[in-house]
Amino acid sequence: MTGSGQDSGLQRLAGMADLLPLESKRWVAAEAIVRATMRQYGFGEIRCPIMEPTELFERGTGTATDIVQKEMYTFTDRGDRSVTLRPEGTPSVVRAFLEESLGAKRPSWKLFYIGPMFRAERPQQGRLRQFHQFGAELIGPAAPEADVELIALGDAMLRNLDVPVPRLVINSIGDKQARADHDAALRDYLTAPAAFARLCADCRRRTQTNPLRVFDCKNEQCQEVIAAAPMIDRFLTDEDRHHFDAVRAGLDRLRIGYEIDSRLVRGLDYYTRTTFEFKAAGLGAQDAVCGGGRYDGLVEVLGGPPTPAVGFAAGFERILAVSKLPVDEDRLDVFVCALGDAAFELTSQILAALRQLGLSADRDFLRRGLKAQMKEADRLRARSVLIIGDDEIAKRRFTLRRMDKAEQREIDAEPSQWTVDEFRK
RNA sequence: GUGGGUGUAGCUCAGCUGGUUAGAGCACCAGGUUGUGGCCCUGGUGGCCGAGGGUUCAAAUCCCUUCACCCACCCCA
């Protein structure tokens, strides 16, 4: 991980990671669970390019977001076009939805994706520059039941992935207008001389940059000030409230526990009404493991007809960091030990015959001594070892050693006489 | 982008206020068992001490720069 091995003068880029076989096994196992769960909930996989026109994110994710303002990997390609490594998946899905005219084919689509995302942030625990997400999008339905479906999917997914007791936090943030009005009201409240004077230095700055953050300040005085501040729900329409109530009722019916956090604002411009986040313990400051919400305006922003939608994205690295998923160790069925040139050459055919039987089989390629080959077989946790030397070739009988029982016997050298069980059982 | 911490063998780490051949455990290789693993014993390979520059008679040790990692802020998956 530190890259402190051989110094070839080449290092991987900051915030990017190599995954070695031991670790990649966990990933493949987790990905299989994600795909199986998605299928169970009726979502089909969509694979989009990891590079898109920069404009897609500027318009989709939103120019006001931190992501677009300071975190994108943006380049000029050979045709002088500005391209960007995707910082999130949703804009690509919506772009594809429009480009492939999906809305004209069916009124409702359930899509999921899984793959790398790129954000040029300062790396720290649970945050890489190339990281991996899976996400689900339900495009078409405006009903609160759709929101419930997505949250239920996220909940099931985290349980299937053995993430210990994730906490669900939900909120309703209304539409763009409501958020703007709330933001303005909050600024007015906080910058009024009496209130402003009691805020800490950080919070005074926050009144300019992100007034909502004052809610999270640990400073006691700031908490006193913010206690009476205007909350978002004051700016919601009746329809917004009904929608939120229906989402909550839906979650209650499914017995999915949640907390309402009226300060939960997500960092993307396009969210409307419902936002939610699953937080896991043990991740330090980056505890959001899955986050999403409704984005009724996004399709239109990207040039399509008004189309409601809900979705979420979940972080693979963070999930794996806390997941209790067991990974079963690989065991090799047969390791073939060859002694001498004749046996060494014969081994390829022996392997082919063993593999033909459906067994996993391997050998040594370094012409090492028997002891070294046995050690290798042990490292690979071989169930059995087939020993082939001059004696065996002459007798047309091979030695078969069962490693666990430390027993061995002779078997016919003719592969057509072999059965799977005598090697693996 | 800002702040703090760390960077010595493949891995985890010792190395006191600068001093001569840089150590341990594990891993790896070999021998003990001239054709047999896991345990044990013995030996061995392996490090321009992250990189570059500076101070000094002398630097892994002090200073600067840079790169990377870690943690936090910001924000998010």
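Below, chains carry the letters A, B, ... as their sequence lines are ordered, and counting in each starts from 1. Atoms considered below: every heavy atom in the structure, side chains included; atoms not considered: hydrogens, waters and symmetry mates. Owing to the predicted nature of the structure, the values given are computational and were not obtained by experimental measurement.
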Could you check whether A:Gly126 gets within reach of a base, just the sugar-phosphate, or nothing at all, counting any heavy atom under 4.0 Å? base
With a 4.0 Å cut-off on heavy atoms, is A:Ala382 in touch with a base, just the backbone sugar-phosphate, or nothing at all? nothing
Please name the nucleotide paired to B:G47 by Watson-Crick or G-U wobble geometry with both distances under 3.5 Å, or report none. none
Heavy atoms only, 4.0 Å cut-off, all strands: where does A:Glu121 land among base, sugar-phosphate and nothing? base
Geometric class of the A:His132/A:Trp27 ring pair [parallel <30°, tilted 30-60°, perpendicular >60°]: perpendicular
Over all strands shown, is A:Arg368 touching base, sugar-phosphate only, or nothing at heavy-atom distances under 4.0 angstrom? sugar-phosphate
If pairing requires Watson-Crick or G-U wobble contacts with both distances under 3.5 Å, which nucleotide is the partner of B:A68? B:U6
Do A:Arg95 and A:Glu55 meet the salt-bridge criterion of a basic N to acidic O distance under 4.0 Å? no
Decide side chain to side chain contact (heavy atoms under 4.5 Å, CB included) for A:Ser92 and A:Leu56; before the verdict, give the C-alpha distance in whole Å, the side-chain angles of both, and the deciding distance to 0.1 Å. CA-CA 8 Å; A:Ser92 295; A:Leu56 175 63; 4.1 Å; yes
Classify the nucleic acid contact of A:Arg206 as base, sugar-phosphate or nothing, counting any heavy atom under 4.0 Å across all strands shown. sugar-phosphate
Ranking B:G37, B:A77, B:G35 by distance to the side chain of A:Met403, first place goes to B:G37
To the side chain of A:Gln286, which of B:C29, B:G31, B:A72 is closest? B:A72
Under 4.0 Å, heavy atoms only, any strand: does A:Cys337 hit a base, just the sugar-phosphate, or nothing? nothing
Of B:U36, B:A72, B:A77, the nucleotide closest to the side chain of A:Lys371 is B:U36
Considering only heavy side-chain atoms of A:Arg122, the closest of B:U2, B:G38, B:G35 is B:U2
Just call it for A:Glu392: base, sugar-phosphate, or nothing, with non-hydrogen atoms closer than 4.0 Å on any strand. base
Identify whether any heavy atom of A:Arg127 sits under 4.0 Å from a base atom; if not, whether one sits that close to sugar-phosphate; answer base, sugar-phosphate or nothing. base
From the options B:G31, B:C29, B:G35, select the nucleotide whose nearest atom is closest to the side chain of A:Arg379. B:C29
Please work out if A:Gln133 contacts a base, only the sugar-phosphate, or nothing of the nucleic acid, heavy-atom cut-off 4.0 Å. base
Can you identify which nucleotide, out of B:A77, B:G35, B:C69, has its nearest atom closest to the A:Ala14 side chain? B:C69
How is A:Gln408 classified with respect to the nucleic acid when contacts are heavy atoms under 4.0 Å: base, sugar-phosphate, or nothing? base
For the side chain of A:Asp378, starting at C-beta, report the closest nucleotide among B:C74, B:G37, B:A77. B:G37
When all nucleic acid strands are considered with a 4.0 Å heavy-atom cut-off, which category describes A:Gly340: base, sugar-phosphate, or nothing? nothing
Watson-Crick/G-U partner (both atom distances under 3.5 Å) of B:U61: none
Which comes earlier along RNA chain B counting from the 5' end, the contact point of A:Leu268 or that of A:Met374, where each point is its nearest nucleotide? A:Met374
Planes under 30° and centres closer than 5.5 Å, is that true for A:Phe316 with the base of B:A77? no
